[in-house]
Participant: 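One structure is given below, represented as structure tokens, and several questions about it will come after.
Heads up: numbering here begins at 1 and tracks the sequence.
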Amino acid sequence: MTFVQIVECRTERPDELNQLMDTWIEQTQGKRTATHTMVGSDREDGRHIVEIVEFPSYEAAMRNSGLPETDRIFREMVALCQEPPTFTNLDLVRDEQLLKDAARRLLMEPAAGDMTAIDELVAPDYRDHDPSMDADTVGPAAVKKMIEGYRRAFDFTFDIQSQIAEGDQVVTRWMWRGTHIGEYMGMPASNKMIEAAGMTIWRFEDGMAKEGWWSWDAVAMMRQMGMLPD
């Protein structure tokens, strides 16, 4: 079970405390068991510092605590604090990765004809970058028009194979599968089953998609449709 440790302290020297974190990260490279760490300062009191460290398990956290580098950095941290740090130890029982969910909705729902996700999750100035298109697609209305064009040509779905989220960006690897039911790039409906692998990166601001980058195997798609030789 994922384990999270919250460390709180008060200090008049937050910059030095931050430098200690840099030192710890450098010195424990290849040794530490922590998978994610964040440091924040209280907006109401800049001397109140909160560090959140994530581990794969409680046992991994204990191994991390046993590193001599961790012990040394912790003692230096205590020296910078006005009072002893406090610790809250948490077993993670729920972890909602909301931007991943938003990315899934942006792929899955419009493919089925439900444009609610576009209305709720695409910013007014959204810009879509797809090398298969002549120009960027800008704004929710243009995105809907583009999707409806594909839906007239194909009865399709996305099979999401993996996702990675970091900061305000989500990478989604997918397999697109569709039946060619209408004209596409001058090619009349063939009723062939077509598939193409691809990947999309979305950048979000305040929970809304601001940019999207698409990379997919358009050549394989065209070969299956008979538009290019095998």
Side-chain angles (χ1 to χ4, degrees), residues 1-106 121 123 129 160-174 199-213 215:
M1 178 181 291
T2 300
F3 176 78
V4 175
Q5 189 169 67
I6 301 174
V7 185
E8 297 184 71
C9 73
R10 297 177 65 82
T11 180
E12 299 283 356
R13 300 150 71 182
D15 291 340
E16 293 179 57
L17 199 63
N18 201 37
Q19 289 171 8
L20 273 182
M21 282 298 301
D22 291 337
T23 301
W24 177 76
I25 290 171
E26 179 182 349
Q27 293 182 354
T28 58
Q29 184 69 39
K31 303 177 184 179
R32 64 179 178 269
T33 59
T35 57
H36 188 195
T37 181
M38 295 183 290
V39 178
S41 63
D42 191 332
R43 290 181 64 90
E44 304 301 324
D45 181 358
R47 296 171 299 173
H48 179 201
I49 304 299
V50 179
E51 179 186 359
I52 303 172
V53 189
E54 181 179 303
F55 301 90
S57 65
Y58 173 77
E59 292 74 19
M62 293 304 98
R63 291 196 300 273
N64 194 81
S65 297
L67 294 173
E69 295 86 356
T70 299
D71 180 64
R72 183 171 60 253
I73 294 298
F74 175 71
R75 285 188 276 108
E76 293 181 31
M77 172 185 171
V78 171
L80 293 175
C81 295
Q82 296 170 271
E83 54 194 41
T86 62
F87 294 82
T88 302
N89 297 322
L90 303 175
D91 288 324
L92 194 64
V93 296
R94 180 165 175 165
D95 180 12
E96 297 288 351
Q97 301 192 51
L98 300 179
L99 292 185
K100 282 186 178 182
D101 181 64
R104 293 179 69 89
R105 289 188 62 198
L106 285 171
L121 298 171
H129 313 287
I160 295 178
Q161 300 181 322
S162 65
Q163 288 185 292
I164 300 172
E166 182 172 348
D168 62 359
Q169 298 190 39
V170 178
V171 181
T172 303
R173 185 170 61 88
W174 44 260
M199 185 178 301
T200 307
I201 304 172
W202 272 296
R203 181 178 67 83
F204 292 86
E205 283 185 18
D206 298 327
M208 302 287 284
K210 294 282 284 188
E211 281 187 284
W213 293 266
S215 176

Participant: So, taking the atom named CD in Glu166 and the one named NE2 in His36, what distance separates them when rounded to the nearest 0.5 Å?
Facilitator: 8.5 Å
Participant: Parallel, tilted or perpendicular: which describes the rings of Tyr58 and Phe3, with under 30° parallel and over 60° perpendicular?
Facilitator: perpendicular
Participant: Mind listing the closest non-hydrogen atom pair of Gln5 and Phe55 along with its distance?
Facilitator: CB-CE1, 4.5 Å
Participant: Distance check, rounded to the nearest 0.5 Å: Arg47 atom CZ versus Asp42 atom CG?
Facilitator: 10.0 Å
Participant: Starting from the C-alpha separation in whole Å, work towards a yes-or-no answer on side chain to side chain contact (heavy atoms under 4.5 Å, CB included) for Ile52 and Val4.
Facilitator: CA-CA 7 Å; Ile52 303 172; Val4 175; 3.6 Å; yes
Participant: If you take all heavy atoms of Ser41 and Ile49, which pair is closest and at what distance?
Facilitator: CB-CD1, 3.8 Å
Participant: For Trp202 and Ala209, which heavy atoms make the closest approach, and how far apart are they?
Facilitator: CD1-CB, 4.1 Å
Participant: Between Arg75 and Asp71, is there a salt bridge with N-O shorter than 4.0 Å?
Facilitator: yes
Participant: Checking side chain to side chain contact (heavy atoms under 4.5 Å, CB included) for the pair Thr37/Glu51: CA distance, chi angles, key distance, verdict?
Facilitator: CA-CA 7 Å; Thr37 181; Glu51 179 186 359; 3.7 Å; yes
Participant: Could you tell me the separation between the CD1 atom of Ile73 and the CG atom of Leu67, rounded to the nearest 0.5 Å?
Facilitator: 11.5 Å
Participant: Check the pair Val78 / Phe74 against side chain to side chain contact (heavy atoms under 4.5 Å, CB included), numbers first and verdict last.
Facilitator: CA-CA 6 Å; Val78 171; Phe74 175 71; 3.6 Å; yes
Participant: For the atom pair CD (Gln82) and NE2 (His48), what is the distance rounded to the nearest 0.5 Å?
Facilitator: 11.5 Å
Participant: Which value, rounded to the nearest 0.5 Å, describes the distance between Asp101 atom CG and Leu106 atom CG?
Facilitator: 9.5 Å
Participant: Just verifying a value: how many Å separate Met208 CE and Leu99 CG, rounded to the nearest 0.5 Å?
Facilitator: 12.0 Å
Participant: With a 4.5 Å heavy-atom cut-off, do Gln97 and Gln163 have their side chains touching?
Facilitator: no
Participant: As a test of understanding, state which of Glu8, Met77, Arg10 forms a side-chain contact (heavy atoms from CB on, under 4.5 Å) with Pro85.
Facilitator: Met77
Participant: Should we say atom CG of Asn89 is surrounded by more than 12 heavy atoms from elsewhere, each under 6.0 Å from it?
Facilitator: yes
Participant: With a 4.5 Å heavy-atom cut-off, do Trp213 and Thr200 have their side chains touching?
Facilitator: no
Participant: Are side-chain heavy atoms of Arg32 and Ile25 found at a separation under 4.5 Å?
Facilitator: yes
Participant: Would you indicate whether the side-chain heavy atoms of Val171 and Met199 approach each other to under 4.5 Å?
Facilitator: yes
Participant: State, to 0.1 Å, how close Leu121 and Gly207 come at their nearest heavy-atom pair, and which atoms those are.
Facilitator: CD2-O, 3.8 Å
Participant: Which heavy atom of Thr33 sits nearest a heavy atom of Ala61, and at what distance?
Facilitator: OG1-N, 4.1 Å
Participant: Can you check whether Glu54's main-chain N or O pairs, donor with acceptor, with Thr35's side chain at less than 3.5 Å?
Facilitator: yes
Participant: Which atom pair, heavy atoms only, marks the closest approach of Phe204 to Ala103?
Facilitator: CZ-N, 4.2 Å
Participant: So, does Thr70 use its side chain to make a donor-acceptor pair with the main chain of Gly66 at under 3.5 Å?
Facilitator: no
